[in-house]
Amino acid sequence: MKGGRNRVGSDGQRTVAEAVVHRLSAAGVDTVYGVVSIHNLPIFDAIARDGSIRLVPARSEGAAVNMADAYARVTGKLGVAITSTGTGAGNAIGSLMEAWSAGSPVLHITGQVATPFIGTGQGYIHECKDQLTVLKGASKCAYQMTRPEIAAGLLTAAIQSALEPPSGPVSLEIPIDVQSAVTGDVEIGIIRSTEIVVPYKQVRRAAELLRHARRPLIWAGNGALTANAADAVQALAERIGAPVVTSQSGRGVIPEDHSLCIGNFANFEAVGRFIESADVVLSVGVRFRSNETAGWQYKIRGIHIGIDVDIRATNRNYAHDLFLMGDARTLLKAILDEIPDAGRATTSDTYQTEVRQLRELVRRQLRDQLGPYESIMDTMRAILPRDAILVRDVTVPSSSWGSRLFEIYVPRTSVHASGGGIGQGLPMAIGAQIGRPDRVVALIAGDGGFLVNVGELATVAQERLPLVMVLFDDSGYGVLRTIQDRRYGRRVGVDLVSPDFVSLARSFGILSERVESAEAFASVFKRAVAQRSPYLLVVDMYAVGPMKQAFAGPPGV
Ligand SMILES: Cc1ncc(C[n+]2csc(CCOP(=O)(O)OP(=O)(O)O)c2C)c(N)n1
Ligand SMILES: [Mg+2]
């Protein structure tokens with residue numbers, strides 16, 4: 001157990017705020033993100049006195065949760081955000097929804113008015129109507145610490161619940177009077193189940209089906225990554241010679257330059273048809289979101305085997321014939337044990353050639369749409385290290401090439417808002433860089449999304465994070481512009497004023513440059529990556545020119 005300066009007093013007592021720091025520290029938490037307020041001051045002060053946890057001050061509560069979320073995604077550890085009561089907690093909601101969407105283990109600790117005033121409507125400072133219900137609606141679950149006596153148990157429960165598969169954000173309200181109240185220390189020992197009972201009958205059946213399949217296909221999502229099952233997915237794919245389709249958040253489960261990797265292309269017609277032609281589909285920890293399946297218009301026609309830690313995934317979007325519930329790594333390894341390694345894949349060379357051709361076809365189809373952005377993408381990929389983390393906001397360069405063509409090679413190096421909310425990229429890049437200071441972290445954002453949390457440039461500067469931020473500026477909401485042009489023939493709410501981003505970044509002491517052509521991009525980007533200090537590269541999309549084919553959102557949604 002880590003020990004800060006925040007130790008239990010000689011009488012075995014500490015305040016609840018001190019207990020919070022103690023439990024976080026004991027759970028291995030080294031960084032928390034938050035915005036200070038009168039309703040969390042005791043916790044902030046306990047963090048300062050303890051000295052073992054780094055406090056990153058965010059400029060908004062939503063951004064703090066995004067930082068904790070991305071920190072969790074790239075490290076696999078618990079992310080922690082601390083907010084205030086009322087508006088502070090409310091500001092966190094959109095980002096909690098995102099963390100829920102991504103199944104990210106985030107602990108959100110928030111203040112609450114003093115216990116006698118909860119729900120009274122008396123107007124106690126920061127009082128809001130029913131904060132707990134709001135938090136419950138956005139998180140995996142939400143708790144209220146009604147008395148100091150339950151502090152140790154409730155803190156442990158909240159941490160466990162966030163981390164326990166299926167992981168997700170958990171909110172914990174601590175009323176301001178409870179934060180300062182004294183609580184006794186409790187040593188907690190938790191029984192851990194050590195014996196894993198594998199459902200061998202179903203595992204053998206799955207192995208049998210996969211081994212004899214002529215056209216097997218693996219469809220992997222974030223669940224495979226969070227279970228650290230990437231190597232098992234790849235090994236199985238290679239043993240049977242099956243292509244791997246991934247969801248957006250499952251990217252990196254197999255290197256995207258692998259000849260069996262189809263990748264995040266399931267909403268392309270050619271891939272949809274190929275999925276329909278598979279005789280056995282094994283899906284692993286994937287949600288099959290509408291925008292990643294062209295609105296579910298392509299069917300799974302073969303035998304469908306599912307693996308997921310959440311039993312509620314059974315038949316959720318595509319009907320299953322066989323479902324294995326549990327840890328993906330354990331289950332995949334058990335299946336692998338049942339398929340002898342014959343030294344060559346079980347599928348035919350013809351099938352594997354077909355897979356390679358499909359892989360190349362959809363990549364070519366997408367490349368053909370990009371115009372000048374093709375070389376910008378290739379430059380970025382060539383200059384960034386293989387294990388660089390690419391964080392993407394919801395912007396055309398992400399939705400077109402960043403989330404599909406730009407190759408991801410390593411698990412936990414691709415971060416994108418699963419729920420599709422703009423603006424979360426910058427704070428996510430901050431959390432990712434803090435979680436992995438050893439890695440290059442690059443951000444792709446649009447002007448619209450970037451302005452949502454532009455205040456976090458101050459956090460980038462203050463924490464001296466060597467982020468490489470690539471901002472694609474088209475003075476507006478480009479994707480909605482294109483959709484409006486096509487569907488309605490008029491534009492509304494999409495043409496926006498852009499600030500002088502270069503001057504704005506420089507005012508924070510951040511290096512910045514504007515790029516006006518695809519050719520000029522390479523040298524500036526190279527410098528930005530080599531710099532190892534914060535860098536904002538602004539791509540003037542009017543000067544660079546349009547894509548060959550305008551992007552109008554994913555098909556089928
Ligand atoms: C929180 C939130 N609000 C609104 C939207 C709708 N939306 C999707 S993309 C987009 C435009 C983003 O603009 P920008 O970041 O400049 O990217 P561009 O489309 O111009 O490439 C908007 C408003 C959203 N996805 N999330
Ligand atoms: Mg834009």
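This chain uses plain numbering: 1 for the first residue, then up along the sequence. Note that ligands are numbered from 1 as they come in the structure, with each ligand's atoms numbered from 1 the same way. Just so it is clear, the model here is predicted, and its values are computed rather than measured.
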(message) Using side-chain hydrogen bond (donor to acceptor under 3.5 Å, both in side chains), reason through Ser104 and Asp69 one step at a time and then give a plain yes or no.
(response) CA-CA 6 Å; Ser104 209; Asp69 176 349; 2.7 Å; yes

(request) Dump the intermediate steps for side-chain contact (heavy atoms from CB on, under 4.5 Å) on Arg392 and Phe406, then the final yes or no. (result) CA-CA 11 Å; Arg392 303 176 300 283; Phe406 179 99; over 6 Å; no

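The Mg ion (ligand 2) lies at 2.8 Å or more from every N, O or S atom belonging to Asp473. Taking 2.8 Å as the criterion, Gly476 counts as a coordinating residue of the Mg ion (ligand 2), since one of its N, O or S atoms falls below it.
Arg464 places none of its side-chain heavy atoms less than 4.5 Å from the side chain of Pro534. Under the 4.5 Å side-chain criterion, counting only non-hydrogen atoms from C-beta, Pro372 is not in contact with Phe521. The shortest side-chain heavy-atom distance between Ser399 and Val479 does not fall under the 4.5 Å cut-off. Residues Ser400 and Met547 are in side-chain contact: their nearest non-hydrogen atoms beyond the backbone lie under 4.5 Å apart.
A heavy-atom cutoff of 4.0 Å around ligand 1 is satisfied by the protein residues Val394, Thr395, Val396, Pro397, Gly420, Gly421, Ile422, Gly446, Asp447, Gly448, Gly449, Asp474, Gly476, Tyr477, Gly478, Val479, Leu480.
Nearest to the Mg ion (ligand 2), among the N, O or S atoms that Asp474 has, is OD1. The nearest N/O/S atom of Asp447 to the Mg ion (ligand 2) is OD1.
Side-chain atoms of His39 and Thr85 include a donor-acceptor pair closer than 3.5 Å.
Note: Tyr318 and Phe288 have perpendicular aromatic rings, judged against thresholds of 30 and 60 degrees for the angle between ring planes.
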